[in-house]
Amino acid sequence: MVDPDTIIDGRYRVISRLGSGGMADVYLAEDQLLGRLLAVKLLHQHFAEDQEFVERFKREASSAAALSHPNIVGIFDRGEWGGTYYIAMEYVAGRSLKDVLRRDGAMDAASAIDIVIQILRAARFAHKRGVIHRDLKPHNVILDEEGRARVTDFGIARAGASDMTLTGSIMGTAQYLSPEQAQGHPVSAAADLYSIGVILYELLTGGVPFEGETAVAIAYKQVSAQPRSPREIEPSVPAGLDAIVMRSLAKEPAQRFADADEFIAALTRERAALGAASPPVLVGGGVPPAAAPVSPPPDGGPAVAAGALLLPASDGRGPPGRERDRERLRRILLWALPALAIAAAAVIAALLLSPAAKVTVPDVAGLSEQAAVARLRHAGLTPVLSGGPSATVTSGLVARETPAAGTKVARSSRVQVVVSTGPAVAPLPVLERRSAAEASEKLRQLGFVPAVRSEPSSTIAAGRVIGSEPPAGAEEAVGNRVTVLVSSGPAQIRVPDVKGNTQSAAESALSNAGLQPGTIAQQTSSTATPATVLAQTPRAGSLVRSGTKVSLVVARAPSTVAVPTLLGQSESSAAAALGGAGLRPSVKQAGTSEPSQVGLVLAQDPPAGTRVAKGSTVTITIGVLKEKTTPAPPTIPTTPTTTTPTTTTPTTTTPTPPGPAK
C-alpha cells in the first residue's frame, strides 16, 4: 500500500488508490514532469520476486505501448521502484462495463452491439500487431465520459511467439475463458473473439453463459456444456443477433468468426437491420403514440383532436363579432368540458383495465441473482429474494420464481425469487446388517435415492446389508443416489489347478484366489521333483466358498543308504547286514572247488559303498562246492600197433577263493 503524496520513481506523485487486481495495485497519480493525471500500476511485492511474473509484467508495457488506438487505454512508461515494478498508463475517467451491468442490468440490442463493435475494433488493432489480450471481460472495458469503450489491462497479453504466459495456465476469469484456454491449449486470436462473444451474451441477457461454484467447475462447462441461447433467456433478442452470439461461442475455434473483421461485419449488418425495424425511442423508453382520429362533434360543434379545441375563425367584423365569438365559445365550453371529462375518465379506466396495464413475468430460472433482479426490474416488477436448497440448480442461480414465468401481473407486482443455496446435505445412516428393504426405506425417508447391488461376503449373512456407497457418516446431497450393498453370501470360487507347482507357489495361488492351504501330506516319489504338488483336494475346477481349505500332497525324495561290504561273509551274516541297512538280499549260487569258499559271499551287486534307496535289493553270490571231474581211462586198441601213443593228462587250475572281508 502506497500512501498519498508518495513520489514513485522521482516523477509520479500518488493522489489516491484506484483499485487492486490479481497482480498489481492501481493508483491515480500526477506526472510532475508533464503535469497530467495518469494511472500507475504497481506490481504486488511478492510477485516481484517471481521472475516469470516480472517478465509478464514488463511485457505488458512493451506489447501494449505500441497499441495506439481510440478504443485502447494507452501505456506511457514503465520502470522499477521500491523493489518492485510499475507501469504508467492513461487515466480514463468513467465506469467499467461490469459496473454498468451491475447497476443497470441487460441492455437493448442496439446499445450492446454498439459497445461490442468498439471492443472488436480494439481487438482487431491488437491482433494485426501480433498481440492477443487473453483476458477480455467487462471488468477490463471502461466506458469513458463520452460513452466510448476503452479496453485496458494487457497484463497477460502474449506478443509474438513468447511462451512466458505458460499456455497451461488459466490466467483469465473463468466465465470468459475460451474452451482452449480452459484446457491449457495454445491460444490464438479466436480465444479473444470467444471472450467478446461472452461479453455480448452478458450485455443482452444480464448473465454469463456458464456459472459454477468454483473456477474449475466453470472451466469444465466452457469445454463440455452448451449454453442456453440469448433468445431463450431474453425473447426480445433478434434471431439474427442470437445466431451471431452462438457462433462466437462455438467450442472449436475454426467454427467461430474467422477474425474480428468478420465479427464486426456481422454485427454491423444486424445493427442496420435493427435500426430500420425499430421505432424511434423516447426518453421514457416508449414509442410515439399513433395520431388520434379527428371526429366531427354533433350539431356542427368544434372538432376535438388529441385533446385540443379547434376554434372557428372570426367573421371579420368588429367588437360585436368578437362578443358573438365569445358567446359561442362559452356555449361550446359548456358543452365540451363535460364531454372531455367523460372522455378522460374513460381513457383512464381503459388504461387501468386494459391488458397493457399488466406485464408478463419473465423467466429468470437458472440466472444469477444479479441477472434475475435486473430482468425483473426491467420488466417493471419488484423482485423479492430468498434462498433455498435445490438438488438440481447450482448454488447462486435462481431455482424458482412465484408467480411463474409467463404469468400476467400488474406492473410493480412483487415476484418471489428463490436463489439456490445448493443441494441440502445430510449424513448417510448406518445400514449394516439391516435387510435390503429396511435400508432402502430408511434412505428414502432421508431424501436419498436408493439403489441395491449384491456383493459376496464371508461375514454378513445373505440378504443383509454389508454397507453403502458412499459409506455411513459421509455428508451427501439430499436427492443423490446411494448404493446399498447387500450380501449374497460367501463368494463361489473356482479352485485353481496347482498340480506340478512347488508347494510355495501353490499356496500363493490358492491365497490369491481367496482360498486357504489345508493339510500338507508328503508322498515319496522317485520320479517327481521333490517338493512339487502331486495331488489336491478339492480338485481343480471345483466351485467352493471363499476361504475353503485345499489339501495338498507333495512329492518327497526317497531316502538312500550305502550298500555294506558283504564279500567273504557267510550268507546269514550278509543277509543280516543288508536287513540292518534297510535293504533286501537276493541270493544266487556259484560253484567253487575251494572248500574254504563254500558258504561265503563270492560277489555282490551293487558294489559296496554304492548309495541306493532304502528297500532296494542287493544281489549276493554264495559259493557252493563244485564236484571234481575224473578223467576217462585210455582206450586200449584191439589191434597191436608199432607205435605207442603218448597220453596227455589235462591240467586243472583251481581259483583261489577270496579271503575274508577286512
Side-chain angles (χ1 to χ4, degrees), residues 1-48 53-100 115 118-119 121-126 129 131-159 164-165 171-173:
M1 185 73 177
V2 178
D3 295 328
D5 294 326
T6 299
I7 306 298
I8 294 177
D9 204 12
R11 178 172 177 177
Y12 306 110
R13 182 178 64 84
V14 173
I15 297 174
S16 62
R17 186 167 181 254
L18 293 175
S20 180
M23 293 196 308
D25 292 319
V26 184
Y27 296 91
L28 176 64
E30 179 189 10
D31 184 344
Q32 294 187 308
L33 181 61
L34 300 177
R36 64 182 176 184
L37 293 179
L38 44 72
V40 176
K41 178 183 285 189
L42 200 62
L43 186 65
H44 292 322
Q45 190 71 41
H46 59 281
F47 285 131
F53 273 96
V54 169
E55 291 299 325
R56 185 180 305 131
F57 197 76
K58 288 179 178 179
R59 191 170 56 259
E60 174 180 358
S62 60
S63 62
L67 302 179
S68 179
H69 187 273
N71 295 115
I72 297 178
V73 175
I75 300 294
F76 299 142
D77 189 18
R78 79 173 189 186
E80 184 176 353
W81 174 81
T84 188
Y85 299 84
Y86 73 86
I87 292 175
M89 64 184 68
E90 180 183 3
Y91 170 64
V92 180
R95 293 186 302 153
S96 75
L97 189 55
K98 192 65 176 178
D99 289 337
V100 173
I115 290 174
Q118 294 183 71
I119 299 172
R121 286 172 180 159
R124 175 179 62 185
F125 188 84
R129 285 152 183 81
V131 178
I132 302 170
H133 192 289
R134 295 169 59 89
D135 193 25
L136 284 168
K137 55 190 176 182
H139 315 65
N140 290 337
V141 178
I142 299 174
L143 298 183
D144 64 17
E145 293 173 332
E146 298 177 356
R148 181 175 54 179
R150 308 287 302 279
V151 179
T152 186
D153 196 359
F154 279 81
I156 59 172
R158 184 176 67 165
M164 294 304 297
T165 56
M171 302 298 299
T173 304

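Just so you know, these numbers come straight off a predicted model, no measurement behind them. Numbers for residues simply follow the sequence, beginning at 1.
- One finds the CD atom of E145 at 11.5 Å from the CG atom of L143 (value rounded to the nearest 0.5 Å).
- Every salt bridge (charged side-chain N to carboxylate O under 4.0 Å, His left out) that D31 has, sequence neighbours left out, goes to R11, R36.
- Partners of V26 by side-chain contact (heavy atoms from CB on, under 4.5 Å), not counting sequence neighbours, listed by chain and number: L18, A39, K41.
- The side-chain hydrogen bond (donor to acceptor under 3.5 Å, both in side chains) search around Y12 returns D77, not counting sequence neighbours.
- The NZ atom of K98 lies 11.5 Å from the CG atom of N140; values are rounded to the nearest 0.5 Å.
- A 4.5 Å side-chain heavy-atom check between D3 and V14 finds every atom pair outside the cut-off.
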Show me the side-chain donor-acceptor pairs of residues 65-72 shorter than 3.5 Å, one per line, residues at least two apart or across chains.
| unit_1 | atom_1 | unit_2 | atom_2 | d |
| --- | --- | --- | --- | --- |
| H69 | ND1 | N71 | N | 3.0 |
| N71 | ND2 | Q118 | OE1 | 3.3 |
| N71 | ND2 | A149 | O | 2.8 |

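- Contact between Y91 and L37 at its shortest, heavy atoms only, is CB-O, 4.0 Å.
- Judged as a salt bridge (charged side-chain N to carboxylate O under 4.0 Å, His left out), and not counting sequence neighbours, D9 has no contacts.
- Atom-to-atom distance recorded for I87:CD1 and L38:CG is 12.5 Å, nearest 0.5 angstrom.
- D99 meets the side-chain hydrogen bond (donor to acceptor under 3.5 Å, both in side chains) test with S96, R102; sequence neighbours excluded.
- In terms of the salt bridge (charged side-chain N to carboxylate O under 4.0 Å, His left out) criterion, residue partners of R13 (sequence neighbours excluded) are, by chain and number, D5, E30.
- Annotation: salt bridge (charged side-chain N to carboxylate O under 4.0 Å, His left out) contacts of E90 (sequence neighbours excluded): R150.
- Closest of all the heavy-atom pairs between Y27 and V2 is OH-N, 3.0 Å.
- For R95, the side-chain hydrogen bond (donor to acceptor under 3.5 Å, both in side chains) criterion is met by no residue, not counting sequence neighbours.
- Every residue was checked against the side-chain hydrogen bond (donor to acceptor under 3.5 Å, both in side chains) condition with R121, not counting sequence neighbours, and none meets it.
- Across T152 and V73, no two heavy atoms sit closer than the pair CB-CG2, 3.7 Å.
- For the pair V40 and W81, the minimum side-chain heavy-atom distance is 4.5 Å or more.
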